[in-house]
Amino acid sequence: VHSIYIQLGTVTVSNSTFADNSGNGLFLQSQGTPITSSIHNNIFWQNTGTDITVQGNASENITAANNLVQDAFTFGSNTITTDPQFTDAANGDFSITNCSHAVDQGDNSILSASLTTDLAGNSRIFNGTIDLGAYENQITLLFFSAVEVGDAVCFGEANGQISVNGGGGTGGPLTYSIDGINFQSA
């Protein structure tokens with residue numbers, strides 16, 4: 001059993017998530033006329049078979065870029081192979097967390113003009129660049145712009161001072177942890 005099995009024709013697979021399937025995520029097999037395949041902005045992860053299988057002359061007309069693939073995939077460019085950090089894959093939630101390497105890694109030009117929302121009904125592009133997979137992360141990330149160290153800071157000692165200036169986020173206090181001690185900004 002494969003998520004998608006293509007033997008001939010033209011196939012475009014974009015902004016999709018293929019995860020935890022029994023079988024291959026995408027199986028392209030052609031013994032005659034080559035398949036024309038466009039594979040962009042996807043996540044292929046933890047499928048029982050390989051994530052993407054290409055057999056026969058199906059490899060002759062593949063364009064691929066900006067995919068997150070667990071298994072070795074030698075076609076295309078900008079292939080990420082790190083854990084996509086799904087929110088709760090064990091319970092079928094394949095949306096991506098704030099720290100996923102799939103956030104803002106897609107190619108906006110691949111997105112069809114008619115596709116304005118993700119699988120959850122959220123805006124398909126958030127923070128200016130499309131995410132990989134079927135879900136768009138909706139959290140504005142916090143960016144640190146400056147760090148100032150005052151006085152001497154020695155690890156394990158209660159001396160010194162560090163100031164961090166940040167921006168972004170969704171408002172409200174910033175919660176952070178240093179050496180297992182939790183803090184919250186005012």
Side-chain angles (χ1 to χ4, degrees), residues 2-6 8-21 24-28 30 34-47 50-54 58-89 92-146 165-172 174:
H2 312 292
S3 296
I4 296 181
Y5 179 78
I6 306 294
L8 55 95
T10 300
V11 62
T12 298
V13 181
S14 64
N15 299 103
S16 299
T17 300
F18 299 88
D20 289 345
N21 293 293
N24 298 313
L26 176 62
F27 195 98
L28 303 171
S30 177
I35 299 169
T36 301
S37 307
S38 175
I39 307 167
H40 294 86
N41 297 349
N42 301 291
I43 297 174
F44 296 90
W45 199 260
Q46 289 189 335
N47 296 292
T50 58
D51 290 310
I52 302 174
T53 299
V54 180
S59 63
E60 292 181 18
N61 295 321
I62 292 179
T63 58
N66 304 80
N67 294 291
L68 191 152
V69 183
Q70 182 176 9
D71 296 329
F73 182 65
T74 58
F75 300 95
S77 59
N78 300 325
T79 300
I80 300 169
T81 58
T82 57
D83 186 333
Q85 299 181 18
F86 294 127
T87 300
D88 190 4
D93 183 353
F94 297 104
S95 61
I96 54 176
T97 65
N98 302 341
C99 295
S100 171
H101 291 273
V103 172
D104 294 340
Q105 294 301 310
D107 179 352
N108 292 357
S109 70
I110 299 301
L111 183 64
S112 168
S114 63
L115 186 61
T116 58
T117 58
D118 69 1
L119 195 57
N122 295 313
S123 176
R124 186 63 258 209
I125 297 179
F126 192 81
N127 284 338
T129 304
I130 195 165
D131 296 343
L132 304 182
Y135 296 94
E136 187 76 11
N137 185 283
Q138 300 293 307
I139 300 298
T140 302
L141 300 177
L142 180 66
F143 297 96
F144 294 104
S145 60
N165 299 319
T170 57
L174 170 66

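Count residues from 1 along the sequence. Note that the coordinates shown come from a computational prediction; the quantities given were computed from them, not determined experimentally. Values below: all heavy atoms of this structure, side chains included; hydrogens, waters and symmetry mates excluded.
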Completion exercise
Taking every heavy atom of N47 against every heavy atom of D20, the minimum-distance pair comes out as OD1-N, 3.7 Å

Practice task
Indicate whether the side chain of N24 and that of T50 have a donor and an acceptor atom separated by less than 3.5 Å.
Solution key: yes

Handout entry: Polar contact flag, side-chain donor to acceptor under 3.5 angstrom, N137-N98
Key = yes

Problem - F126 backbone acceptor or donor facing E136 side chain under 3.5 Å - result: yes

Practice task
Apply the test side chain to side chain contact (heavy atoms under 4.5 Å, CB included) to residues F18 and L26: give CA-CA distance (whole Å), side-chain angles for both, the deciding distance (0.1 Å), then the verdict.
Solution key: CA-CA 8 Å; F18 299 88; L26 176 62; 5.7 Å; no

Handout entry: Test side chain to side chain contact (heavy atoms under 4.5 Å, CB included) applied to A134 - qualifying residues, sequence neighbours left out
Key = T17, L119

Handout entry: Pairwise salt bridge (Lys or Arg N to Asp or Glu O under 4.0 Å) hits with a residue in residues 68-78, at least two apart
Key = none

Exercise for the section: Verify, without hydrogens or angle tests, whether N41 (side chain) and L132 (backbone) share a donor-acceptor contact under 3.5 angstrom. Expected result: no

Problem - Under 3.5 Å donor-acceptor, T87 side chain and D93 backbone - result: no

Fill in the blank from the handout: Between T129 and Q105 the two heavy atoms that sit nearest each other are CG2-N, 4.4 Å

Practice task
Report the residues that fulfil ring pair (Phe, Tyr, Trp, His ring centres under 6.0 Å) with Y135, sequence neighbours left out, ordered by chain and then residue number.
Solution key: none

Fill in the blank from the handout: Between the CG atom in N66 and the OG atom in S109, the distance rounded to the nearest 0.5 Å is 8.5 Å

Completion exercise
Here the pair of heavy atoms bringing I96 nearest to P84 is CG2-O, 3.8 Å

Practice task
Identify the heavy atoms of G25 and S3 that sit nearest to each other, and give their distance.
Solution key: O-CB, 2.9 Å

Problem - Worked check of side chain to side chain contact (heavy atoms under 4.5 Å, CB included) between D131 and D104 - result: CA-CA 5 Å; D131 296 343; D104 294 340; 3.3 Å; yes

Handout entry: Heavy-atom donor-acceptor pair, N67 side chain to I39 backbone, under 3.5 Å
Key = yes

Exercise for the section: Locate the shortest heavy-atom distance separating Q70 from D51; write the atom from each residue and the value. Expected result: CB-OD2, 3.1 Å

Problem - Any donor-acceptor N or O pair under 3.5 Å, side chains S14, T12 - result: no

Exercise for the section: Go through the steps to decide whether F94 and I43 satisfy the test side chain to side chain contact (heavy atoms under 4.5 Å, CB included), and finish with yes or no. Expected result: CA-CA 10 Å; F94 297 104; I43 297 174; over 6 Å; no

Practice task
Evaluate the side chain to side chain contact (heavy atoms under 4.5 Å, CB included) criterion for residues R124 and L111: first the C-alpha distance (whole Å), next the side-chain angles of each, then the deciding distance (0.1 Å), finally the verdict.
Solution key: CA-CA 9 Å; R124 186 63 258 209; L111 183 64; 3.7 Å; yes

Problem - G133 backbone acceptor or donor facing N42 side chain under 3.5 Å - result: no

Problem - Check: D118 side chain, N122 main-chain N or O, donor-acceptor pair, under 3.5 Å - result: yes

